[in-house]
Novice: 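One structure, as structure tokens, below. Some questions next.
Residue numbers begin at 1 in each chain, while the letters A, B, ... track the order of the sequences.
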Protein chains: 4
Amino acid sequence: MSGKREQTKQANKQAILDAARDVFVKLGYGATTVRDIIRATDLASGTFYNYFKSKEEVFQAISDENAIRVRPRLRAERIRARTVEEFISGTFRTFFDYAADDRRTFAVIRRNADTMRVRMDTPEIIAGFDELRADLLTAIDAGLFPPVDADYLMASMVGVAFEIAEYMLARDPIDPSAAADFATALFLGGLKALPTATISREPANA
Amino acid sequence: MSGKREQTKQANKQAILDAARDVFVKLGYGATTVRDIIRATDLASGTFYNYFKSKEEVFQAISDENAIRVRPRLRAERIRARTVEEFISGTFRTFFDYAADDRRTFAVIRRNADTMRVRMDTPEIIAGFDELRADLLTAIDAGLFPPVDADYLMASMVGVAFEIAEYMLARDPIDPSAAADFATALFLGGLKALPTATISREPANA
Amino acid sequence: MSGKREQTKQANKQAILDAARDVFVKLGYGATTVRDIIRATDLASGTFYNYFKSKEEVFQAISDENAIRVRPRLRAERIRARTVEEFISGTFRTFFDYAADDRRTFAVIRRNADTMRVRMDTPEIIAGFDELRADLLTAIDAGLFPPVDADYLMASMVGVAFEIAEYMLARDPIDPSAAADFATALFLGGLKALPTATISREPANA
Amino acid sequence: MSGKREQTKQANKQAILDAARDVFVKLGYGATTVRDIIRATDLASGTFYNYFKSKEEVFQAISDENAIRVRPRLRAERIRARTVEEFISGTFRTFFDYAADDRRTFAVIRRNADTMRVRMDTPEIIAGFDELRADLLTAIDAGLFPPVDADYLMASMVGVAFEIAEYMLARDPIDPSAAADFATALFLGGLKALPTATISREPANA
DNA sequence: GATGAATGAGAATTCATTCAT
DNA sequence: TATGAATGAATTCTCATTCAT
């Protein structure tokens, strides 16, 4: 299971994943072909099929790899939360920290092409949304949250998280903490609770 | 200008757009080919190219058509707004009404493929985001809004609008008013201002 | 036959021929399409077919137009010739003068593309070759020429004329007289009769 | 390097070249499509593109293959030449021998289509012209030739060689020796040095 | 398992030509 | 006659996938 053979196998698989991530970011998912991915490795075309069935599968593997990495952290934050504040701020903080850390992979699912902007949610990511929803329901049951529409609340958190992340990553320096503060304040107190800022007139370009 | 010739041209162009919208919804943008679109019309393959250069162009035409239709309405709402409440609620109400009305087109840009969920923002849509941002800045200048981070606030509104719309459209009956109330309350007062609801345990499937 | 209608017809036909000549020179015969020719006029595509059946026909019309223009001159020179010298020098002189005058059209049949060099002989041009051959036979019969292989002599004259013309047109200034002198001397006395020249080491690039 | 794989590759490439040559001769370069070439092999369409990018590339490969074969022979003749006679006669003799030997390939670059006659010179052929020009300059420097216009002399030899070859190949029997004698005599002594012949009144049809 | 050439279905696109206006 | 959009056959070319080595 961990002989030399096994090592090569792992190395090949990883080489494909790494190459694919780069190519997806560069060309976009739609325009990427299996050939493009292979060309970005030093493997032969046939070898690809020893590891993946299609570019879809590679894409999911990359995307899942990350969802799987961040989901448990998000869960842990929410389970540990004793107050609404902790639930909300823990979730956003973890998410933005992760997005900042792993922004190359983030770029795979959230791509700004020449003209179009695309966001792709894989099953694993969507499962993360369901998890959030379930945790919200649990929190409502526990009396932590008022009995609000859990779908819409989940949707709101997801929408704010992904959309702000986009603009956060376009800034220099990248400041996940500020992003988390903003989102948290919004959810806890609405507009009037938001941190005030020096306003920039530059056009946003995420 | 309105001879039989001109009429036929308009009809053909519209036939392609209609067919394309259907095919995009059915197969997803990525999987759709120009051939698929042509096959869904009763036109000859060459005719497609008299009107569009590629499926990208058709997609943009469809997407833009709608952005162009809803953007002025959104602007009007925001310009008319005399209070924060009007600004926020007017924006969401208009957006969700539009999404409910034109949900077929909405499905084109926000599509649930076999497994993946994709959202695509065309330049025209993105221009709508910039417009919102500009209006927020104006409102801040006018003292209507506190001086908050306009990019993040715009991002939050966009994220919440698109994400809630998704779940709203999955419900029966579709209730844009409730969606608008939810989003508005969130932005005006945060979580504790949200309308309470009878909680459904069914999994959300947007 | 010469009403306004007739004038327009002639003008249209000429417009097509002119445009075609330009396009043939620019793109080469092979790469040129009927659409390219039409685009270079301000006529509609259908109009083309009122005048020509295909690009082949246009090409031939252009090529023939010229062959028809120069062939009688060549004939006249040869018929008038009372000596071998007059026959040879008259032929070359007329040919090179024509090539220099009408070099734009000459470029249509003798094109230097990026990499390849192409020469195309239309039936009208080939008929000109046959005419030369016939005149040579007449001259042999008349005792003007020795009884040599008329085909090969004709071929030699044609080969020398077209090939030298190529290089002549690449020079600045273009000197048809020098070209004619060279070719004439070669045919009358061979190498040792050739005019001596200051030798240029620059690579020839015809 | 010479496994079964490598053998198959060579065989496939050659099969394409052979098929292409046949098709070019049959249909003419202009009318030939990549499909035509593929159809003339028993390979799959995609295979063509493993070896060549376009019909242009195949054409050049065929044409170059031959230019490369004959050029060294021509050079050798000219370098070995100790007199003008040897230079001229060696060049023509070698050229006409080659044309007679390899007349199938010769037909590719000098083709009589339905109506038009086309001659195409690829870069490799043109390089052969430059080589001749360089050798002429060397010979002039060496005092072998008088200081004549090397471009025009080269052009004359090329023109005569290709044009006579055309008619030579149309005869039965094909007699490269006679062709060489004719061309050599022309260049050495002009018209009056040409071999006399029994005159045929049949129209030449090259 | 790795290789990489062969495969051939099928996608995009062009283009000559027609024909209703 | 002129127009120019529609036509659809035909062509180029790509690409996922297979399979002999």
Novice: F/dG4, F/dA2, E/dG1: which one has an atom nearest the side-chain heavy atoms of C/N12?
Specialist: F/dA2

Novice: Could you go through B/D102 and B/T105, starting from their C-alpha distance and side-chain angles, then the distance that decides it, and tell me whether this counts as side chain to side chain donor-acceptor pair (under 3.5 Å)?
Specialist: CA-CA 6 Å; B/D102 210 351; B/T105 314; 2.9 Å; yes

Novice: Can you tell me if the side-chain N/O atoms of A/Y51 get under 4.0 Å from OP1 or OP2 in E/dA2?
Specialist: yes

Novice: Using the ring of B/F24 (Phe, Tyr or Trp, six-membered ring only), decide whether B/K55 places NZ or CZ under 6.0 Å from its centre and within 45 degrees of its axis.
Specialist: no

Novice: If I take atom NZ in residue A/K9 and atom P in nucleotide E/dG1, what distance separates them, rounded to the nearest angstrom?
Specialist: 5 Å

Novice: Going 5' to 3' along nucleotides 10-17 of chain F, which nucleotides have protein heavy atoms under 4.0 Å from the base (write B), which only from the sugar-phosphate (write S), and which from neither (write -)?
Specialist: -BBBBBBB

Novice: Anything under 30° is parallel, anything over 60° is perpendicular, the rest tilted; go ahead and classify B/F162 against B/F106.
Specialist: parallel

Novice: With a 4.5 Å limit on heavy-atom distance, are the side chains of A/F48 and A/V58 in contact?
Specialist: yes

Novice: As a quick check of understanding, evaluate side chain to side chain donor-acceptor pair (under 3.5 Å) for D/T33 and D/D36, giving each step before the final call.
Specialist: CA-CA 5 Å; D/T33 67; D/D36 292 326; 3.0 Å; yes

Novice: For a quick check of understanding: with a heavy-atom distance under 4.0 Å over all strands, which category does D/F52 fall into, base, sugar-phosphate or nothing?
Specialist: nothing

Novice: A/I16 has an atom CD1; how far is it from atom C1' of E/dG1, in whole Å?
Specialist: 12 Å

Novice: Do C/T122 and C/E124 pair up side chain to side chain, a donor and an acceptor below 3.5 Å, judged on atom types alone?
Specialist: no

Novice: Can you check the C/F48 CZ to F/dT1 C1' distance for me, whole Å?
Specialist: 16 Å

Novice: Does the cation-pi check pass for A/K9 over A/Y51, that is, NZ or CZ under 6.0 Å from the six-membered ring centre and within 45° of its axis?
Specialist: no

Novice: Please name all residues satisfying salt bridge (charged side-chain N to carboxylate O under 4.0 Å, His left out) with A/R35, sequence neighbours left out, ordered by chain then number.
Specialist: none

Novice: With respect to the side chain of B/A44, which nucleotide from E/dA6, F/dT3, F/dT7 is positioned closest?
Specialist: F/dT7

Novice: In this structure, which stretches of DNA chain E are paired as stems of three or more consecutive Watson-Crick or G-U pairs, both distances less than 3.5 Å?
Specialist: E:2-21 with F:2-21

Novice: Heavy-atom distance under 4.5 Å between the side chains of D/R119 and C/R117, does that happen here?
Specialist: yes

Novice: Between C1' on E/dA6 and CZ on D/R5, what's the gap in Å once rounded to a whole number?
Specialist: 10 Å

Novice: What's the CD-P distance between D/Q10 and E/dA5, to the nearest Å?
Specialist: 12 Å

